[in-house]
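To start, the structure under review is shown below, and the notes come after it.
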Amino acid sequence: MPQLTQTLLLPRWLLTMKPGEDTLEHHALLIDGERIAAIGPRETLLAQYPQAERVELPEQILIPGLINGHAHSAMTLLRGVADDVPLMDWLQNHIWPLEKKWVSEAWTYLGSKLAAAEGLRSGTTYINDMYFFPTAMARAAIDTGVRAAVSMNVIDFPTGYASGPDDYIAKGVAAYEQYKGEALLDWTSAPHAPYTVSDETFIKLRNLAEKLDIQMHCHIHETAGEVSDGIKAHGVRPIARLDKLGLFSERMIAVHMVHLDEAEIELMAQKGVHLVHNPNSNLKLASGVMPLKALETAGVNTILGTDGAASNNRLDMFGEIRSAALLAKGITGDPTVASARTALEMATIRAAKAMGRGDDLGSLEVGKLADVVAVSLDSLECQPVYNAAAQLVYVAGREHVSNVWVGGRQLLRDRQLTAMDVPALLGEVRDVVACMQQG
């Protein structure tokens with residue numbers, strides 16, 4: 001890795017996402033090593049740091065790196081294999097059979113690298129991932145330079161990765177021990193869902209999270225069918241079952257959470273659970289829409305994720321930000337719900353809090369890690385600019401992301417990935433997909 005030096009970023013606008021701070025204009029940001037060393041008026045910082053490398057970013061806005069609150073990175077290799085079908089049909093008749101046949105360490109590594117490349121070109125610097133083969137996920141993050149929360153993923157039935165819950169847990173812990181301390185990695189204890197995990201396994205994973213002091217990551221209440229089936233199997237709704245098992249706390253990152261009643265919303269607020277809204281995946285699978293207004297009113301920390309490329313089919317956090325803002329307005333008939341600022345918070349500072357990384361990620365502040373994204377607003381599609389922050393939500397897209405730094409290391413320069421051989425990566429992907437298509 002090249003030695004990091006002082007770099008002075010000189011944008012037109014700077015949106016720190018620091019609570020209470022509006023968009024700054026004609027300010028600069030100094031990166032020193034892996035952290036943000038200074039933010040201030042452009043001319044002041046130019047005078048104070050004359051030796052710093054200067055990066056002029058005219059008509060561009062700096063924002064914190066986006067945090068994808070829920071993804072299945074390796075499933076980029078399954079993008080488009082089964083569209084326009086319901087969730088359980090999609091899982092049982094398409095995804096799970098393909099995974100059983102093809103998923104391996106090498107397959108997961110390749111798919112995760114492809115996801116990292118797509119994410120970086122979309123302004124995503126951190127991925128809360130959930131999949132099998134955690135060593136492959138960890139290697140892909142380290143090799144591409146993106147941050148990732150690697151899951152110790154567990155389901156109660158065998159796959160090509162593990163024979164059963166204890167085997168999943170043992171392999172997850174072994175991966176954790178192997179990569180513990182890697183600067184780009186966090187870890188989660190990740191029971192897949194209430195319909196694939198037993199009470200006994202849930203308790204083991206709860207205890208594991210407490211022992212290792214890590215977050216939990218689980219799909220919950222994604223569909224109405226999941227809820228009704230849970231009542232048939234256990235006599236109560238899945239959330240009530242998991243609450244009785246002691247699953248809900250500030251450690252829990254609960255994904256989807258579409259079908260909630262008032263008592264469940266209040267419970268989430270009381271327990272400090274973080275909820276991941278996946279608007280586009282939930283729309284595509286017709287699972288429903290998270291009740292964002294009610295959750296916001298209750299004070300629940302809500303964040304955003306893409307879900308996997310097999311169900312979205314894009315790993316596009318700008319798309320999720322826009323969809324979250326528009327859906328909440330359309331569903332409630334209230335145009336003040338999910339403001340542009342709120343939607344951006346869900347992909348930055350709120351997400352950092354959910355991951356347990358609020359002290360060093362999620363906003364552009366002195367002392368925090370220099371995960372920085374530049375978005376160009378100079379194209380005719382983005383002009384004129386009256387409110388740069390709102391422009392990010394309602395006008396700009398991932399194609400306007402120009403430059404990305406992760407921990408002070410520039411990984412995207414003028415839309416070109418700096419740490420990856422893109423032609424070689426695409427060649428590997430095409431070879432694997434050709435093999436899969438041949439059966």
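Every value quoted in this text rests on a predicted model; they were computed, and no experiment measured them.
For A370, the side-chain contact (heavy atoms from CB on, under 4.5 Å) partners are I31, I36, V372, not counting sequence neighbours. Residues meeting the side chain to side chain donor-acceptor pair (under 3.5 Å) test with T44, sequence neighbours left out: none. Residues meeting the side chain to side chain donor-acceptor pair (under 3.5 Å) test with T223, sequence neighbours left out: none. With sequence neighbours left out, A325 forms a side-chain contact (heavy atoms from CB on, under 4.5 Å) with K329, A343, V393, Y394. In this structure E105 satisfies the side-chain contact (heavy atoms from CB on, under 4.5 Å) test together with F133, T135, A136, R139, sequence neighbours excluded. In this view, K171 satisfies the side chain to side chain donor-acceptor pair (under 3.5 Å) rule with no residue, not counting sequence neighbours.
Ion pairing of K180 with E177 is present here, as a side-chain N (NZ or NE/NH1/NH2) and a carboxylate O approach within less than 4.0 Å. Ionic pairing of D186 and R147 is not present here: no N-O contact between side-chain nitrogen and carboxylate oxygen is shorter than 4.0 angstrom. No salt bridge links R12 with D378; every basic N to acidic carboxylate O contact stays at or beyond 4.0 Å. E264 and R241 are not joined by a salt bridge, as no carboxylate oxygen comes within less than 4.0 angstrom of a charged side-chain nitrogen.
Looking at K368 and S363, their side chains do bring a donor and an acceptor atom within 3.5 Å of each other. For the residue pair Y109 / D143, a side-chain donor-acceptor distance below 3.5 Å is found, with atom types taken as modelled. Counted by atom type alone, S323 and N280 present one or more donor-acceptor pairs between their side chains at under 3.5 Å.
S189 places no side-chain N or O within donor-acceptor distance of the main-chain N or O of L208, the cut-off being under 3.5 Å. T124 places no side-chain N or O within 3.5 Å of a backbone atom of I67 that could act as its donor or acceptor partner.
K284 NZ: more than 12 foreign heavy atoms inside a 6.0 Å radius. The neighbour count for N387 CG, taken as heavy atoms of other residues, nucleotides or ligands under 6.0 Å away, is above 12.
Ring geometry, Y131 versus W107: the interplanar angle falls under 30°, so the pair is classed parallel (tilted spans 30 to 60°).
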R251 and D213: salt bridge (charged side-chain N to carboxylate O under 4.0 Å, His left out), yes or no, with the steps?
CA-CA 9 Å; R251 291 191 190 281; D213 191 22; 3.0 Å; yes
Quick one: do H277 and H256 satisfy ring pair (Phe, Tyr, Trp, His ring centres under 6.0 Å)? Show the steps, please.
CA-CA 5 Å; H277 187 17; H256 300 303; 9.6 Å; no
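The CG atom of N68 lies 9.0 Å from the CG atom of D307; values are rounded to the nearest 0.5 Å.
In summary, of the residues considered (R398, R314, K113), a salt bridge (Lys or Arg N to Asp or Glu O under 4.0 Å) with E118 occurs for R398 alone.
Here the two rings, on H192 and H219, have centers that are under 6.0 Å apart.
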